[in-house]
Amino acid sequence: MSTLNKKTVEDIAVAGKKVLVRCDFNVKMENGVITSDKRIVASLPTIRYLIDNNARVILCSHLGRPKGEVNPEFSMAPVAARLSELLGKEVKLAKDVVGESAQALAAELKDGEVLLLENVRFEPGETKNDPELSKKFASLAEIYVNDAFGSAHRAHSSTTGVADYLPSAVGYLMKKEIEYIGGALEDPKRPLVAILGGAKVSDKIGVINNLLDKCDKLIIGGGMAYTFFAAQGLNVGDSLVDNDNLENAREMMAKAKAMGKPFLLPVDNKIATRYDVNAPYMRIYSDSIPDGWMGLDIGPVTSELFAKSIQDAGTIIWNGPMGVTEMPQFEDGTIAVAKAIAETDAISIIGGGDSAAAIKKLGFADKMSHISTGGGASLEFLEGKELPGIACIDEK
Ligand code: AMP
């Protein structure tokens, strides 16, 4: 099923209509104070569009894990206050999610006004995608908009179930994720090159499998690479190896070979005696890793090889760092790949989570076409899984 033909906020008439928008306001908080409002800021384009087009805007989100119980520690009050400042207009806060307060305030809303519901996870039915709760969400509004990509892989009442009862569309944040990730998977500018790194093969075997079908070249770096070496019978010393996935690794390499697709692994590595910022380290070729040492970054020859092999890419999907970027001596490979991507004319898509954080920390964020806002959601999207929060939305 294609994700590319989903309705967006621009495809529906919103003037005078009550529009329920599922946002991702799951902001970082400490002692009741928001420490990063990035997610609120990211939601502004959709909210502003709706205000400017005279919709009656009803926002909702989860915040933390209140586990189906009302808990003031997870109240949306700080979000309402910050959002109010950012929008320069009042954001009313309901005292509940779908109860009397929410119903009354939603009914009173005038064109261009904004209401925020309490934390959707105060409702025990939310994470169970309870149809009764979904109907209550739907009863508040006339249109449903999902703009919470970070929760799109979860079939919950406010992310999925509610769409059974209302006309629906995606917001701008979701639209961008679909355009880039969905676009790369369904209709990429070729050649499509996938670069995968990070620690765990188990997390990414599904991604490797799906991307092998779609891409023209697959590059593997980071801790993951050592499982592929071990699968070929090479000595990897104390490097990270996922013994449960050796067979999967062999299968992936065989699949690439059968499909005639280049499957690149590091040719050299930076290895250390311990996983420690003060440990002695050296560079070595991949077939010579001695016992007692572990690979913690790709080596300079590999950096050059990887850089060269993405030069002519039309689209690049990157998920996972090439080494332990938490330690400065093992961040060179990731920096080299980030630089090489920045120097291409390719559409570059960075998966969420650790790779997005590494790219931002290393200062390459503005050089990428798209940095996904969802960790788990972007991985499942890349795996080719249907995301319930997107699948539930009406098509054009
Ligand atoms: P992931 O969440 O799977 O993208 O993995 C990110 C993590 O992988 C980061 O914390 C890196 O430090 C770690 N990582 C990358 N390369 C290696 C390596 N060679 N050995 C151990 N951990 C690594």
Side-chain angles (χ1 to χ4, degrees), residues 150 153 181 194-211 218-231 234-245 248-249 252 264-286 289-290 292-303 306 317-338 341 349-362 364 368 371-383:
H153 56 318
I181 304 182
I195 309 171
L196 298 173
K200 288 196 195 147
V201 177
S202 54
D203 285 354
K204 291 183 190 163
I205 200 79
V207 176
I208 297 173
N209 191 29
N210 188 45
L211 289 182
L218 196 107
I219 296 176
I220 302 234
M224 270 198 334
Y226 302 98
T227 299
F228 288 86
F229 291 144
L234 289 175
N235 192 28
V236 294
D238 294 335
S239 305
L240 209 61
V241 172
D242 181 350
N243 284 310
D244 294 335
N245 276 291
N248 278 330
M252 291 304 118
L264 274 62
L265 287 164
V267 290
D268 65 341
N269 311 268
K270 269 195 194 162
I271 59 173
T273 49
R274 300 185 310 275
Y275 186 89
D276 182 343
V277 72
N278 297 314
Y281 65 94
M282 63 176 178
R283 187 185 74 87
I284 199 144
Y285 283 98
S286 298
I289 300 174
W293 291 74
M294 58 179 75
L296 295 179
D297 194 8
I298 57 173
V301 178
T302 307
S303 291
F306 287 1
I317 297 175
W318 182 14
N319 187 297
M322 295 291 102
V324 180
T325 52
E326 294 89 339
M327 301 185 204
Q329 68 271 44
F330 303 118
E331 65 181 21
D332 294 349
T334 305
I335 293 177
V337 166
I341 295 176
I349 300 154
I350 313 303
D354 276 325
S355 26
I359 296 273
K360 285 178 193 160
K361 190 191 95 180
L362 300 173
F364 289 95
M368 306 298 156
I371 299 185
S372 178
T373 54
S378 72
L379 269 186
E380 290 197 21
F381 207 166
L382 293 175
E383 264 179 68

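Every number for a ligand or one of its atoms is a count from 1 in the order of the listing. All values below were derived from every heavy atom in this structure, side-chain atoms included, with hydrogens, water molecules and symmetry-related copies excluded.
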Which atom pair, heavy atoms only, marks the closest approach of Ile271 to Gly295?
-> CG2-CA, 3.7 Å

Report all N/O contacts between ligand 1 and the protein shorter than 3.5 Å as a table of atom names and distances to 0.1 Å; if there are none, say 'none'.
unit_1   : atom_1 : unit_2 : atom_2 : d
ligand 1 : 2 (O)  : Asp354 : OD2    : 2.8
ligand 1 : 3 (O)  : Ala199 : N      : 3.1
ligand 1 : 3 (O)  : Lys204 : NZ     : 3.3
ligand 1 : 4 (O)  : Lys204 : NZ     : 2.9
ligand 1 : 5 (O)  : Ala199 : N      : 3.0
ligand 1 : 8 (O)  : Ala199 : N      : 3.2
ligand 1 : 10 (O) : Glu326 : OE2    : 2.5
ligand 1 : 12 (O) : Glu326 : OE1    : 2.6
ligand 1 : 12 (O) : Glu326 : OE2    : 3.3
ligand 1 : 16 (N) : Gly223 : N      : 3.0
ligand 1 : 19 (N) : Gly223 : N      : 3.4
ligand 1 : 19 (N) : Gly295 : O      : 2.9

Go through the structure and list residues passing side-chain contact (heavy atoms from CB on, under 4.5 Å) with Leu362, not counting sequence neighbours.
-> Glu331, Thr334, Ile335, Phe364

Please report the closest heavy-atom contact between Ile181 and Ser372, naming both atoms and the distance.
-> CD1-OG, 4.0 Å

Side-chain donor/acceptor pairs under 3.5 Å, residues 272-279, sequence neighbours excluded:
unit_1 : atom_1 : unit_2 : atom_2 : d
Arg274 : NE     : Asp276 : OD2    : 3.4
Arg274 : NH2    : Asp276 : OD2    : 3.1
Asp276 : OD1    : Asn278 : N      : 2.9

Measure from NZ or CZ of Arg283 to the centre of the six-membered ring of Tyr285 and say whether it is under 6.0 Å with the direction within 45° of the ring axis.
-> yes

Partners of Asn248 by side chain to side chain donor-acceptor pair (under 3.5 Å), sequence neighbours excluded?
-> Asn245

